[in-house]
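Sequence lines set the chain letters: A, B, ... in the order given, protein chains first and strands last, and positions in each chain run from 1. All values below were derived from every heavy atom in this structure, side-chain atoms included, with hydrogens, water molecules and symmetry-related copies excluded.
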Number of protein chains: 2
Amino acid sequence: MSTKERLIEAGLRLLETEGPESLNARKLAGEIGASTMTVYTHFGGMTGLYEALVRRAFVQFGDALAALDRTDDPVADLLALGMTYREFASASPQRYRLMFGVTAPGSGIAAAHDLTEEGTPSAIPEASATFDELRRAVQRSLDAGRIRGDDAVAIAGQFWSMIHGFVLLELSGFFGTEGRGVTTVLAPHATNLLLGLGDDPAAVAESTRSARARFGVAEAALRVPGAGTAGG
Amino acid sequence: MSTKERLIEAGLRLLETEGPESLNARKLAGEIGASTMTVYTHFGGMTGLYEALVRRAFVQFGDALAALDRTDDPVADLLALGMTYREFASASPQRYRLMFGVTAPGSGIAAAHDLTEEGTPSAIPEASATFDELRRAVQRSLDAGRIRGDDAVAIAGQFWSMIHGFVLLELSGFFGTEGRGVTTVLAPHATNLLLGLGDDPAAVAESTRSARARFGVAEAALRVPGAGTAGG
DNA sequence: GAGCGTCGCATAACTGTGTTATGAATACCA
DNA sequence: TGGTATTCATAACACAGTTATGCGACGCTC
């Protein structure tokens, strides 16, 4: 494995196991038995390394989302996509925060706005690819006549706002622990959004059941209120 | 004005004018003509200073939200709250990122997870206060029979996820520039969520008009698709 | 009002960070 | 085989947060 590759893998590993403050040149280099100079040879500096980590993380993210089976219920697929999204972020919060430049001051990593223009998530092709996965699921739901609208990108943006906001607030501890927020906030939100987009209450309920079953999660954990009883 | 106060004000000012990387002890102390020692005398260190900045920012945030008039249309109030929320974040992105520990690595500020347990947003009373503003607006909409549900907190969480996610993605450049995302993504999302929560399409449209008018924004800028035409 | 303690703060030094200059070793290639 | 480019260790630099030290101003006590 190339030195470059080893640095990236060590970086992602260190990030998760010891937190962002451990993502520094000396520790990273020591991890692969090299000097700090290797960071500059291969990435031009710590900023370049961060960008490489972000890219790699988005690739992993895209793979996780793309690995989902596509069924004949596009809304269920969409919901499953959301569950996978949230699971990915939940599994390694630091990685998710890094991807969206969402690390607070002093972590030892560079600020999002410190990254190169090309390092900005919106300018990273790998990031666009993951969003495209979402867009396609929305398009299929449109094509199937499950939801109304003429702009899949705009609707995908709504789903993305929903889950991105939820995930970050959940990671910050605003929705309690043990995934309680998924039951009380995220699932009802998805239901309400689908209803607002014109899907049928019974169909939403069925798709939710289907998506939930695919994850083999206990009813209680991901229970969704009956369509129409919006609250929690 | 006390030295402590001057440090906080200089911190927030520097954050916005020169970015998070300028939020360092030496520059900050120089700004008020003092030595770096003052940071340690008053805040125990940079981490303590960051917490103070977060607290102050949340106070400003709460003030901005609380300054809104309360009308007899609770849903319009809710939407106006959302517009104000987004405006606050848009007006000073760095401050908003700081508040939610959402500064990318290396910015020179401490990572959210590096902050004291009491420094976490979810543990900051000032932050809870702003969320409470949202919760009350939701409760009034429930009381007025505009939306359905039995848990105002859960519903408020949905609105919060929506706008928090939107704001961060917008700041990262995912929704284009010039507030285009507000028209194509945020406004339709709010409409759809309200519809899913059981509000009447015509009522939603009217409340949206009302909230928009309150901001004196041109129709085009904050136009909301007719109720039911979810897309964009 | 003299003495004393506390507090705020400047100076200077220490550690750890990203970064760079330099030169050696290695790999590749004509 | 000789030349060139790449990789990387060493060592130093600038600048970050932090801390030890001491000085001076203020308030309290007698």
For atom [atom1] of [X] and atom [atom2] of [N], their distance in whole Å:
| X | N | atom1 | atom2 | result |
| --- | --- | --- | --- | --- |
| A:Leu28 | C:dT17 | CG | C1' | 13 Å |
| A:Leu23 | C:dG16 | CG | P | 18 Å |
| A:Met46 | C:dG16 | CE | P | 17 Å |
| B:Lys27 | D:dA14 | NZ | C1' | 15 Å |
| B:Ile32 | C:dG8 | CD1 | P | 13 Å |
| A:Tyr40 | C:dT22 | OH | P | 17 Å |
| B:Leu49 | D:dG17 | CG | P | 10 Å |
| B:Tyr50 | D:dT18 | OH | P | 8 Å |

Least distance between heavy atoms, B:Ala10 atom then B:Ile32 atom: CB-CG2, 4.1 Å
Contact summary for A:Thr130 and A:Ala127, nearest pair of heavy atoms: OG1-O, 2.7 Å
Aromatic ring proximity B:His164/B:Phe100, centre distance under 6.0 Å: yes
Side chain proximity check, A:Phe88 to A:Arg95, heavy atoms < 4.5 angstrom: yes
Polar pair under 3.5 Å, donor/acceptor by atom type, side chain A:Arg26, base C:dG18: yes
Residue pair A:Tyr85, A:Tyr96: steps toward the ring-ring contact (aromatic ring centres under 6.0 Å, His included) verdict: CA-CA 10 Å; A:Tyr85 189 113; A:Tyr96 188 79; 5.8 Å; yes
Under 3.5 Å donor-acceptor, A:Ser35 side chain and A:Met37 backbone: yes
5′-ward residue of the pair B:Gly45/A:His42 relative to DNA chain D: A:His42
Give me, pair by pair, the N or O atoms of the protein and of nucleotides 9-11 of chain D that are less than 3.5 Å apart, along with how far apart they are.
residue	atom	partner	partner atom	Å
D:dA9	OP2	A:Ser35	N	2.4
D:dA9	OP2	A:Ser35	OG	2.6

